[in-house]
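The block underneath contains the structure these notes are about, expressed in structure tokens.
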Amino acid sequence: MATVDLSSLLKGRVGGLVFRTYRGKLIAQGRPTQYHDRNSEAQQKQRGGMRNLIAVYGRMKDDIRDCFEEATGKQRSYNRFIHHNIKMQAPVLSKVDFDKRLAIPLPYVISNGTLPQLDTAIEGNRIRFAINYEDWERGDIVRFIELTTDSLDGSPTDRIASRHEDVIINRPIDQVIERELTHTGLYAFVHIRLLGGIRKISRQSLIPYSVPTL
């Protein structure tokens, strides 16, 4: 009687199967039905969008690191910032520009939480919102955030500066809070409430503003 060693006969691909020997046993595996190109246009856009998120967060981290209510434990503000903005259809930041520390200023979500969203608008050269005293408590904070730049045309730039200023509302009444805008950039107000060690935050996005040209 003859003995046939199948492992010596079946190697490589046969139809939709791939054969190989592992620890003396013949293993058959199905071939992948699709090939995923890591350099496809979609993959390049995703990586370019992620690079820009990282670049912009690096500029703004001191101003928004405590602006995500759900950022607890391993879910840091960085993770939440990425989560809320990763699906935005945005211009692609190349690796060359990223390595040069450039970024594209965009109207990203820069805070998130359970407080009511502030209805913020820019009129002329002023950004404003109206306080509804029913949504506010004594000691709540209004944070004004600005990300100034030289242009909002979607081009990478290194001329980006971020800052914030907190104002404590000691007497919540119906009133309008506003700021004058003197530079091209993106702006937002954020409602912050401190309850012991717990923060409550409103969800806000940056609003673009360009200084009129003469």
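We're numbering straight along the sequence, starting at 1.
Applying the side chain to side chain contact (heavy atoms under 4.5 Å, CB included) test to Ser210 and every residue at least two apart in sequence or in another chain returns Leu152, Thr184. Considering only residues two or more places apart in sequence or on other chains, Arg193 meets the side chain to side chain donor-acceptor pair (under 3.5 Å) condition with Asp140. Partners of Phe68 by ring pair (Phe, Tyr, Trp, His ring centres under 6.0 Å), not counting sequence neighbours, listed by chain and number: His84.
Salt bridge Arg199/Asp66: present, at least one basic N to carboxylate O contact under 4.0 Å.
Of all non-hydrogen atoms in Glu137 and Pro172, the two that sit nearest each other are C-CG, 3.6 Å.
Only one option out of Glu70, His83, Glu69 pairs with Asn112 in a side-chain hydrogen bond (donor to acceptor under 3.5 Å, both in side chains); it is Glu70. None of Ile54, Asn52, Leu53, Val56 except one satisfies the side-chain contact (heavy atoms from CB on, under 4.5 Å) rule with Leu93; the exception is Asn52.
The local environment of CZ in Arg65 is crowded, with over 12 non-hydrogen atoms from other residues, nucleotides or ligands closer than 6.0 Å. More than 12 non-hydrogen atoms from other residues, nucleotides or ligands lie less than 6.0 angstrom from CG of Leu195. No more than 12 heavy atoms of other residues, nucleotides or ligands shown are found within 6.0 angstrom of CD1 on Ile168. The neighbour count for Asp99 CG, taken as heavy atoms of other residues, nucleotides or ligands under 6.0 Å away, is above 12. Atom CZ of Arg163 sits in a crowded spot, with more than 12 heavy atoms from other residues, nucleotides or ligands closer than 6.0 Å.
Side-chain contact between Thr157 and Thr149: present, with at least one pair of heavy atoms (C-beta onward) separated by less than 4.5 Å.
Residue Ile160 is grouped with residue Ile104 when hydrophobic side chains (ILVMFWY) are merged at heavy-atom distances under 4.5 angstrom, including chains of intermediate members.
For the pair Arg179 and Phe144, the cation-pi test (distance below 6.0 Å, angle within 45°) is passed.
Considering OH of Tyr133 and CZ of Arg138, their distance stands at 14.0 Å, rounded to 0.5 Å.
Using modelled atom types, one finds no donor on one side chain facing an acceptor on the other under 3.5 Å when comparing Glu146 with Thr148.
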